[in-house]
Structures are given as C-alpha cells and as structure tokens.
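Before anything else, here's the structure in question.
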Amino acid sequence: MMRYISLMSFIFIAIFSSACKVKFTFTGASISPELLTFSVTNFQNNASLVNPILAQILTEKLRNKISSQTRLKLVNSGGDIHFEGEIVSYSLQPVAIQSNETAQLTQLTITIFVRCYNKKDETQNYETRFSRFQQFPSNQNFSSIENDLIDAITDELVDDIYRKTFVNW
C-alpha cells in the first residue's frame, strides 16, 4: 500500500510539474515571451553643467546591457520596450568638510530621468528619476579622473534602469 501511495505521489508530481512553466535566468530578469525587441532613443543632456560624451556613454551602456542580459533584439525605434530620457543634473559638490572649512572629498552626482514604454503591457510603463554619485579626494585633479567616475556612475545608473524594468526591484 505504501509503495502504491509513493508511486501515485511521484506520478502526480511529475504530471503537475510538467504542466508548469517556470523560467529561470542568471540575471534575475523576468521578461514576457511576447516581448521581442527593444529600442533606446539617445539620451539628451539637459544638465546645466554638460559633459559632452556622457549622453552617448549612457545610451550605449543601456543598449549593451539589455542586449547582453536578455534575449531582446535591439531595433532603431518602436521596440516592444522603448526607453528615452535625459540627463537632468551633472554636479560637483564638496563633502566631508573639515574643521578648517576645506572639503576632504568632492562628490560627482549624475541624475537622469527615464521613461520606459512597454507596448505589450502598459501597466509596466514608468517615468522615474535615478541618481548616483561617486566621491573622490578633493586634492585630486577632477579632469584626470572624470572619465573613470562617469564610467562607474553610468554602470550603476544602467543597472538601476535594468532592475526597474526587468527585475522589478
């Protein structure tokens, strides 16, 4: 009798689990099978302080992240998921003020505004502001480290966009 119950349980579990489709990915992304393409309009740089290559770097990093981490195909425009946005702030500010009123650190902050449109599920559309920063010693020459700071900050911003869109964090 016990063998019969075990056999029936095994058959039930096998049938039940074969009827369920669960999609696991190493990136944590959950993408509807209806979505096939994505597009990214070049980000506009509307910050008062402008770095001339920042918008291009941000746009390309977002395209590359989605291309490499999902099965979606990049199209020039009209993707099933479409991204657009602008850089709204690129600022330097002193932080960690010392007793002699000098800043020990300076902080570069980049803030972007992103709009995401999902043609297959409009409930997934969003408009969100993302902001990230990096700090560096105030005695360092900013122009010598600016590209490295931009690289680190844009990586974080792109990760934020990716998680918001595909991982729903």
Side-chain angles (χ1 to χ4, degrees), residues 24-31 35 37-119 121 123-169:
F24 294 101
T25 65
F26 293 109
T27 62
S30 175
I31 301 172
L35 297 172
T37 62
F38 77 97
S39 55
V40 181
T41 301
N42 290 329
F43 277 72
Q44 298 300 308
N45 199 334
N46 297 329
S48 56
L49 179 62
V50 174
N51 177 295
I53 61 170
L54 179 57
Q56 179 183 355
I57 289 171
L58 183 62
T59 301
E60 286 305 313
K61 282 189 175 193
L62 182 57
R63 288 175 180 155
N64 291 339
K65 174 84 172 184
I66 297 170
S67 291
S68 67
Q69 300 291 315
T70 71
R71 60 173 170 66
L72 300 177
K73 300 297 178 210
L74 175 64
V75 295
N76 288 333
S77 63
D80 294 333
I81 294 185
H82 177 72
F83 298 90
E84 59 186 48
E86 56 268 347
I87 299 161
V88 295
S89 176
Y90 182 88
S91 63
L92 288 166
Q93 55 264 91
V95 292
I97 306 297
Q98 299 173 334
S99 60
N100 61 359
E101 296 186 21
T102 60
Q104 182 178 7
L105 298 172
T106 300
Q107 180 171 295
L108 172 63
T109 303
I110 300 173
T111 304
I112 62 174
F113 187 74
V114 177
R115 289 173 295 281
C116 175
Y117 304 101
N118 184 325
K119 286 185 178 178
D121 182 1
T123 65
Q124 298 296 311
N125 292 353
Y126 67 84
E127 294 184 359
T128 302
R129 184 179 296 256
F130 298 98
S131 187
R132 289 295 183 149
F133 66 88
Q134 291 284 310
Q135 295 178 344
F136 60 94
S138 294
N139 62 359
Q140 252 185 316
N141 181 350
F142 176 65
S143 61
S144 68
I145 61 169
E146 184 176 14
N147 288 341
D148 292 337
L149 296 170
I150 288 171
D151 190 49
I153 294 171
T154 53
D155 282 345
E156 293 173 352
L157 290 169
V158 166
D159 286 345
D160 289 343
I161 296 166
Y162 181 85
R163 281 192 296 269
K164 172 82 173 155
T165 307
F166 299 111
V167 185
N168 293 321
W169 279 19

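Just so we're clear, the structure is a prediction, and the values are computed from it rather than from any experiment. Each residue takes its place number in the sequence, starting with 1.
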Ser144: partners by side-chain hydrogen bond (donor to acceptor under 3.5 Å, both in side chains), with sequence neighbours left out: none
Using salt bridge (Lys or Arg N to Asp or Glu O under 4.0 Å) as the criterion, list what pairs up with Lys61, not counting sequence neighbours. Asp151, Asp155
Can you confirm whether more than 12 heavy atoms, excluding those of Asn141, are under 6.0 Å from its CG atom? yes
Residues Tyr90 and Ala47: closest non-hydrogen pair is N-CB, 3.7 Å
side-chain contact (heavy atoms from CB on, under 4.5 Å) partners for Val50, two or more places apart: Asn45
Check whether any side-chain N or O of Asn118 sits under 3.5 Å from a backbone N or O of Asn125 as a donor-acceptor pair, and report yes or no. no
Restricting to side-chain contact (heavy atoms from CB on, under 4.5 Å), what partner residues turn up for Phe130, sequence neighbours left out? Ile112, Val114, Tyr126, Thr128, Leu157, Asp160, Ile161, Lys164
Which residues pass the side-chain hydrogen bond (donor to acceptor under 3.5 Å, both in side chains) test with Asp159, sequence neighbours left out? Lys65
So, taking the atom named OH in Tyr117 and the one named CD in Glu127, what distance separates them when rounded to the nearest 0.5 Å? 5.0 Å
Closest approach of Thr165 and Cys116, non-hydrogen atoms and distance? CG2-SG, 4.0 Å
Can you measure from OH (Tyr162) to OG1 (Thr70) and round to the nearest 0.5 angstrom? 6.0 Å
For residues Asn46 and Phe113, determine if any side-chain heavy atom of one lies less than 4.5 Å from a side-chain heavy atom of the other. no
Nearest-0.5 Å distance, OG1 of residue Thr37 to CD1 of residue Ile66: 11.0 Å
Residue pairs passing the side-chain hydrogen bond (donor to acceptor under 3.5 Å, both in side chains) test with at least one member in residues 51-60, sequence neighbours excluded, are Asn51-Glu146, Glu60-Arg63
Shortest non-hydrogen contact between Phe43 and Ala55, atoms and distance: O-CB, 3.3 Å
Not counting sequence neighbours, list each pair that qualifies as a salt bridge (Lys or Arg N to Asp or Glu O under 4.0 Å) and has a residue in residues 73-84. Glu84-Arg115
Taking the side chain as every heavy atom from C-beta outward, state whether Asn147 and Ile53 have any atom pair closer than 4.5 Å. yes
Euclidean distance, Ile153 CD1 relative to Leu108 CG, rounded to 0.5 Å: 4.0 Å
Mind jotting down which residue pairs meet the ring-ring contact (aromatic ring centres under 6.0 Å, His included) criterion with at least one end in residues 138-159? Sequence neighbours excluded, please. Phe136-Phe142
Heavy-atom pair of closest approach, residues Leu35 and Leu72: O-CD2, 3.3 Å
Contact summary for Gln134 and Ala152, nearest pair of heavy atoms: CD-CB, 4.0 Å
All side-chain contact (heavy atoms from CB on, under 4.5 Å) counterparts of Ser39, not counting sequence neighbours: Val75, His82
List the residues meeting side-chain contact (heavy atoms from CB on, under 4.5 Å) with Thr109, not counting sequence neighbours, and say none if there are none. Ser91, Gln93, Gln107, Thr111, Ser131, Phe133
Using 0.5 Å steps for rounding, measure from the CD1 atom of Ile87 to the CG atom of Leu54. 3.5 Å
Quick one: salt bridge (Lys or Arg N to Asp or Glu O under 4.0 Å) partners of Asp148, sequence neighbours excluded? none
Can you name the residues that form a side-chain hydrogen bond (donor to acceptor under 3.5 Å, both in side chains) with Ser48, not counting sequence neighbours? none
CD1 of Ile31 to CZ of Phe38, rounded to nearest 0.5 Å, is 10.0 Å
